[in-house]
Amino acid sequence: LAKKVNQTRTVIASTRREVEEQEERLSIQSSQIDELLQQHRERMASPDDATRELIKGLEEVKKIAEAAIGEIDEKRTKINEAEAELNEELSKRKKAMAED
């Protein structure tokens, strides 16, 4: 049982790290997109078609990044739920063992 618990905790911790790394990368990318959008919007006094298309593309990429961040939040919730279930099950087993 202890081995299985340790394996489960390792999987949870590993998954949590992966999710946090993904979120950090997406956050950095989102900030970079914001900076690029700001730069191009400042030049919009007389935008050409290429600039308009670039801004449109950057806005789409930002929407995709924001959606991915939302998915990461869902993954984090599932990880937390799995960890809570594991802790609850362990607590029940410890209590049952103490009663025996």
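Under the side chain to side chain contact (heavy atoms under 4.5 Å, CB included) criterion, Thr8 pairs with Lys4, Ile12, Leu86, sequence neighbours left out. Partners of Arg9 according to the side chain to side chain donor-acceptor pair (under 3.5 Å) rule, which considers only residues two or more places apart in sequence or in another chain, are Asn87. With sequence neighbours left out, the side chain to side chain contact (heavy atoms under 4.5 Å, CB included) criterion links Gln22 to Arg25, Ile72, Lys75. Contacts of Glu21 classified as side chain to side chain donor-acceptor pair (under 3.5 Å), with partners at least two apart in sequence or in another chain: none. Not counting sequence neighbours, Ile64 has no partner by the side chain to side chain contact (heavy atoms under 4.5 Å, CB included) test. Partners of Ser14 according to the side chain to side chain contact (heavy atoms under 4.5 Å, CB included) rule, which considers only residues two or more places apart in sequence or in another chain, are Arg17, Glu18. Partners of Lys92 by salt bridge (charged side-chain N to carboxylate O under 4.0 Å, His left out), not counting sequence neighbours, listed by chain and number: Glu88. When the side chain to side chain donor-acceptor pair (under 3.5 Å) test is applied to Glu35, no partner is found at least two apart in sequence or on another chain. Residues satisfying the side chain to side chain donor-acceptor pair (under 3.5 Å) test with Gln38, not counting sequence neighbours, are Glu42.
A distance-only check finds a donor-acceptor pair linking the side chain of Thr15 to the backbone of Val11 [under 3.5 Å].
At a threshold of 4.5 Å between side-chain heavy atoms, the hydrophobic network of Ile, Leu, Val, Met, Phe, Trp and Tyr places Val5 and Ile79 in one connected group.
Remark: Ile69 CD1 to Glu24 CD distance equals 11.5 Å, nearest 0.5 Å.
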Distance-only donor-acceptor pairs under 3.5 Å for side chains of residues 55-62, two or more places apart:
{"unit_1": "Glu59", "atom_1": "OE2", "unit_2": "Arg41", "atom_2": "NH2", "d": "2.5"}
{"unit_1": "Lys62", "atom_1": "NZ", "unit_2": "Ser30", "atom_2": "OG", "d": "2.8"}
{"unit_1": "Lys62", "atom_1": "NZ", "unit_2": "Asp34", "atom_2": "OD1", "d": "3.1"}
{"unit_1": "Lys62", "atom_1": "NZ", "unit_2": "Asp34", "atom_2": "OD2", "d": "3.4"}
{"unit_1": "Lys62", "atom_1": "NZ", "unit_2": "Glu66", "atom_2": "OE2", "d": "3.4"}

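More than 12 heavy atoms of other residues, nucleotides or ligands sit less than 6.0 Å from atom CD of Glu89.
No salt bridge links Glu20 with Arg76; every basic N to acidic carboxylate O contact stays at or beyond 4.0 Å.
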